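On a predicted model such as this, the values are computed, not experimentally measured, just so you know.
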Amino acid sequence: MLVASFLCKHLLIDWRWGGERYFAEKLLDFDLSANVGNWQWAAGSGVDAAPYFRIFNPITQKDKFDKNYNYIKQWVPEFETDNYVEKMVDHKEARERCLKTYKEAVA
């Protein structure tokens, strides 16, 4: 959910090629209807979608679910090293841009 929210709402990438296609290739338990429905929900564009203003904050999600960085360090060995890249976007700015974009689309 966090990846979907980040791609669709922070980066404004279309859910169909922003991640759904990638996960369709990578998930061992891929199911077309479940995967597409979940991406639409996260993007705020499905039949039973999350409200467009629901935008996960990656920092608070990390603090809540990975306080000791165990998951991050397992998959991102560069984390907390000189080779770790800076954040791509500022959450507050990305959230405001997303809300503006979605409001204009539904107006």
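In the hydrophobic clustering of ILVMFWY residues, with side-chain heavy atoms under 4.5 Å counting as a link, M88 and V3 come out together. With hydrophobic clusters built from ILVMFWY side chains whose heavy atoms lie under 4.5 angstrom apart, F23 does not share a cluster with V76.
How far OG of S45 is from CG of D14: 8.0 Å, rounded to the nearest 0.5 Å. Put simply, CZ on R97 and NZ on K92 are 15.5 Å apart, with the number rounded to the nearest 0.5 Å. For the atom pair CZ of R21 and NZ of K26, the computed distance is 13.5 Å after rounding to the nearest 0.5 Å. Note that CZ of F65 and OG1 of T60 are 9.0 Å apart. Values are rounded to the nearest 0.5 Å.
A donor and an acceptor atom, one from each side chain of S33 and D31, are located under 3.5 Å apart.
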- Task: For W41 and M1, run side-chain contact (heavy atoms from CB on, under 4.5 Å): C-alpha distance rounded to whole Å, both residues' side-chain angles, the deciding distance at 0.1 Å, then the answer.
- Result: CA-CA 9 Å; W41 185 87; M1 296 308 301; 2.8 Å; yes

- Between L12 and C98, is a side-chain contact (heavy atoms from CB on, under 4.5 Å) present by the stated rule, with each step listed? CA-CA 7 Å; L12 299 178; C98 177; 4.3 Å; yes

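Between F6 and H10, the ring-plane angle classifies as parallel under the 30° and 60° cut-offs. Note on ring orientation: taking the six-membered ring where Trp is involved, the planes of Y84 and F79 are perpendicular (angle over 60°, cut-offs 30° and 60°).
By the salt bridge (Lys or Arg N to Asp or Glu O under 4.0 Å) test, K87 pairs with D90, sequence neighbours left out. Legend: residues meeting salt bridge (Lys or Arg N to Asp or Glu O under 4.0 Å) with K73, ordered by chain and number and at least two apart, are E80. For K100, the salt bridge (Lys or Arg N to Asp or Glu O under 4.0 Å) criterion is met by E104, not counting sequence neighbours.
Of all heavy-atom pairs between K64 and K67, the closest is O-CE, 4.2 Å. Residues A43 and Y102 come closest through the heavy atom pair O-OH, 2.7 Å. Annotation for F56 and L2: closest pair CB-CD1, 3.7 Å, computed over non-hydrogen atoms. Between N35 and A24, the closest heavy-atom pair is ND2-N, 4.1 Å.
For the pair Y22 and W17, the minimum side-chain heavy-atom distance is 4.5 Å or more. K103 is not listed as a side-chain neighbour of F53, based on a closest heavy-atom distance of 4.5 Å or more.
At least one donor-acceptor pair under 3.5 Å links the side chain of D66 to the backbone N or O of I72. The backbone N or O of I59 sits less than 3.5 Å from a side-chain atom of N57, completing a donor-acceptor pair. The backbone N or O of R54 sits less than 3.5 Å from a side-chain atom of K9, completing a donor-acceptor pair. Of the possible polar contacts, none joining the S5 side chain to the I55 backbone as a donor-acceptor pair under 3.5 Å is found.
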